[in-house]
Amino acid sequence: MTDPSHFVEIRHAQKSFGALEVLKDISLTVERGQIVGIIGSSGSGKSTLLRAINDLDPLTGGEVWLDGVQVNQKLSHRKYEKHINQMRQQVGMVFQHFNLFPHMTARENVTMAPLMLKGISKEEANTLAKEQLDKVGMLERIDYYPSQLSGGQKQRVAIARALAMKPKLMLFDEATSALDPELVEEVNLVMRKLAEEHMTMIIVTHEMDFAASVCDRVLFMDQGVVVEEGPPDVLFRNPTQPRTREFLRKHLEGAK
Amino acid sequence: MLKVYPFFLEAAWITILLAVLTAVLGLICGALGAAARLSRFAFLRFLGAAYVSVIRGTPALIQLFILYFGGPQIGIQLDAFEAGVIGLGVNAGAYMTETIRGAIISIDKGQREASRTLGLSQWQTMYKVILPQSARLMVRPLGVNINALIKATALVAAISVVELTYTAQRYIGSTYKPFEMFLLAGVLYMIIIYVTGRGVAWLDRKVQIT
């Protein structure tokens with residue numbers, strides 16, 4: 001097995017749920033500092049692909065490599081647990097439905113994992129919470145519970161929670177899809193800020209404008225395959241594949 | 001009539017003691033049962049499921065009789081009180097298994113995913129994320145289980161534990177007043193259950209997420 005030189009490398013990813021094949025031999029590389037967008041209709045497999053990167057939805061075939069280490073190794077349960085926890089600490093994930101811990105304040109949501117996994121002190125955790133929540137503009141809500149926050153605020157805390165582990169890769173699974181339209185921008189703003197800091201990100205999204213403005217590269221997925229990929233100005237303005245054109249046309253009509 | 005009160009009060013203490021020990025044993029059995037039912041090992045899941053269906057599928061009275069009267073035949077020698085606590089505790093545990101399991105699986109799977117994604121292990125996720133949330137959901141239904149087990153302690157009168165029901169039956173013989181005797185026992189049960197219910201309601205309020 002050659003050591004992959006790419007930061008993220010997905011090789012021949014295949015995934016089936018019973019007879020349904022949701023990922024059909026997908027290969028993909030992402031370099032350090034790149035921002036890759038994945039677009040496509042529901043059921044195209046884009047979320048499944050994203051979730052395969054930290055083995056949340058394990059592949060049925062193929063490999064995922066991160067920074068020279070294979071993520072989806074076949075190991076005994078015990079060894080796999082140790083390995084995957086190690087890998088996941090390096091990858092932040094943001095979900096469509098935030099998944100904040102409702103029994104913890106914003107501060108506790110942010111500091112829980114670093115306190116448990118990185119052996120930092122209470123004071124360090126406090127500084128970390130302030131730092132991360134400040135970054136997403138949520139410092140004044142540090143002691144609020146998720147139930148006291150709006151959707152956009154929740155998602156910003158969720159981003160801070162992921163960032164607190166100092167990940168080298170961030171995965172966004174339709175981070176703004178569950179938000180009221182007027183709350184989308186505040187989350188996008190945070191993501192743009194991360195882009196400016198050259199955070200490596202893979203972003204599954206329905207927002208073409210956002211993808212076009214932050215991504216270095218965009219992939220269009222349909223029925224478990226990557227139909228087309230390229231820089232956003234090419235993919236959005238001059239798509240070569242009929243399926244991409246069709247999707248973008250429908251999406252444009254929907255947006256009107 | 002007045003002469004019987006001290007005996008009833010003493011019997012009420014026995015009932016309370018029975019209920020407390022049964023509840024503790026039931027919670028232990030329930031926690032173990034739920035852990036077995038949610039285990040990744042098929043054999044443990046089978047054991048957990050078998051425990052629940054056998055216990056819930058047979059009358060508690062028969063279980064007590066098997067333990068107390070049948071036990072000596074297979075080398076289990078227990079006095080009536082011990083047999084009562086163990087029999088009722090294991091019985092309550094089967095119902096609590098389902099209560100605890102239900103509260104755990106009702107937590108949204110996104111919670112587990114978020115925790116695992118941060119790098120927490122299965123146990124850390126259980127301990128820091130799932131249990132604190134499901135514990136809040138468990139309080140009321142476990143309260144219902146405890147309410148039922150307090151009333152089920154009356155069954156151990158049948159294996160001659162001198163608790164409330166047994167005491168009521170005993171003093172009917174000397175007073176010829178079944179109405180008063182059973183009524184008195186009933187009132188004492190009601191007090192125990194009412195106080196317990198208030199306790200559960202208080203705990204439930206206390207653990208709710210603000």
Side-chain angles (χ1 to χ4, degrees), chain A residues 47 50-51 53-57 77-78 80-105 108-118 143-148 154 157-158 160-167 169-173 178, chain B residues 31 34-48 99-142 200 202-210:
Chain A
S47 281
L50 190 79
R51 289 161 58 91
I53 293 170
N54 61 9
D55 220 29
L56 213 50
D57 273 342
H77 179 81
R78 238 196 144 108
Y80 168 80
E81 274 291 306
K82 210 174 157 208
H83 159 74
I84 201 67
N85 294 336
Q86 201 65 44
M87 296 304 297
R88 285 173 177 160
Q89 288 185 34
Q90 307 168 41
V91 182
M93 184 148 189
V94 176
F95 300 87
Q96 184 179 359
H97 296 288
F98 332 125
N99 299 350
L100 283 181
F101 308 126
H103 57 301
M104 299 180 192
T105 60
E108 291 164 342
N109 266 281
V110 170
T111 57
M112 191 263 280
L115 274 170
M116 292 200 75
L117 303 171
K118 296 205 159 163
D143 288 317
Y144 282 49
Y145 282 91
S147 61
Q148 299 166 306
K154 282 182 200 169
V157 173
R161 174 177 69 176
L163 292 175
M165 286 299 287
K166 312 279 185 202
L169 170 67
M170 284 288 286
L171 307 174
F172 291 86
D173 190 4
Chain B
R37 290 217 57 180
L38 296 169
S39 167
R40 66 191 169 90
F41 298 110
F43 179 66
L44 286 180
R45 288 200 300 275
F46 167 78
L47 272 189
T99 302
I100 294 169
R101 173 176 165 270
I104 288 172
I105 63 175
S106 69
I107 302 301
D108 183 71
K109 76 172 176 25
Q111 291 291 308
R112 197 191 66 85
E113 286 179 356
S115 172
R116 294 306 308 272
T117 300
L118 289 165
L120 270 75
S121 70
Q122 286 175 320
W123 279 110
Q124 289 169 329
T125 298
M126 194 42 120
Y127 168 72
K128 290 296 281 189
V129 176
I130 307 296
L131 283 180
Q133 294 183 62
S134 51
R136 296 170 162 92
L137 301 175
M138 280 176 212
V139 173
R140 278 192 176 270
L142 281 177
V200 168
W202 173 81
L203 190 62
D204 186 57
R205 273 197 308 277
K206 202 168 151 66
V207 298
Q208 287 318 307
I209 299 168
T210 47

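- Heavy atoms only, all atoms of each residue included: B/L120 and A/M112 are closest at CD2-SD, 3.5 Å.
- Looking at residues two or more places apart in sequence or on another chain, you find a side-chain contact (heavy atoms from CB on, under 4.5 Å) between B/T99 and B/P141, B/L142, B/N145.
- The line from CZ of B/R112 to CG of A/N99 is 11.0 Å long, rounded to the nearest 0.5 Å.
- The side-chain contact (heavy atoms from CB on, under 4.5 Å) test applied to A/L115 returns A/T111, A/I120, A/A125, not counting sequence neighbours.
- Contacts of A/R161 with chain B are made by both backbone and side-chain atoms, with heavy-atom separations under 4.5 Å.
- Minimum interatomic distance between B/L118 and A/A162 (heavy atoms only, all atoms of both residues): CD2-CA, 4.3 Å.
- Closest non-hydrogen pair, B/Q133 versus A/P102, comes out as OE1-CG, 3.1 Å.
- Atoms OG1 and CZ, from B/T125 and A/F101 in turn, are 7.5 Å apart once rounded to the nearest 0.5 Å.
- Residues A/H103 and B/R136 have side chains that never bring a donor and an acceptor to within less than 3.5 angstrom of each other.
- Side-chain atoms of B/Q111 come within 3.5 Å of backbone N or O of A/L100 as a donor-acceptor pair.
- Two residues are said to be in side-chain contact when any heavy atoms from C-beta on lie closer than 4.5 Å; A/I84 and B/R116 meet this criterion.
- Of the inter-residue distances, the one linking B/W123 atom CH2 with A/E81 atom CD reads 11.5 Å to the nearest 0.5 angstrom.
- Counting only heavy atoms from C-beta outward, the side chains of B/Q124 and A/N85 never approach each other to under 4.5 Å.
- Between the CZ atom in A/R51 and the OG1 atom in B/T117 there is a gap of 7.5 Å [rounded to 0.5 Å].
- The contact between A/F95 and chain B is made entirely by side chain atoms (from C-beta outward), counting heavy-atom distances below 4.5 Å.
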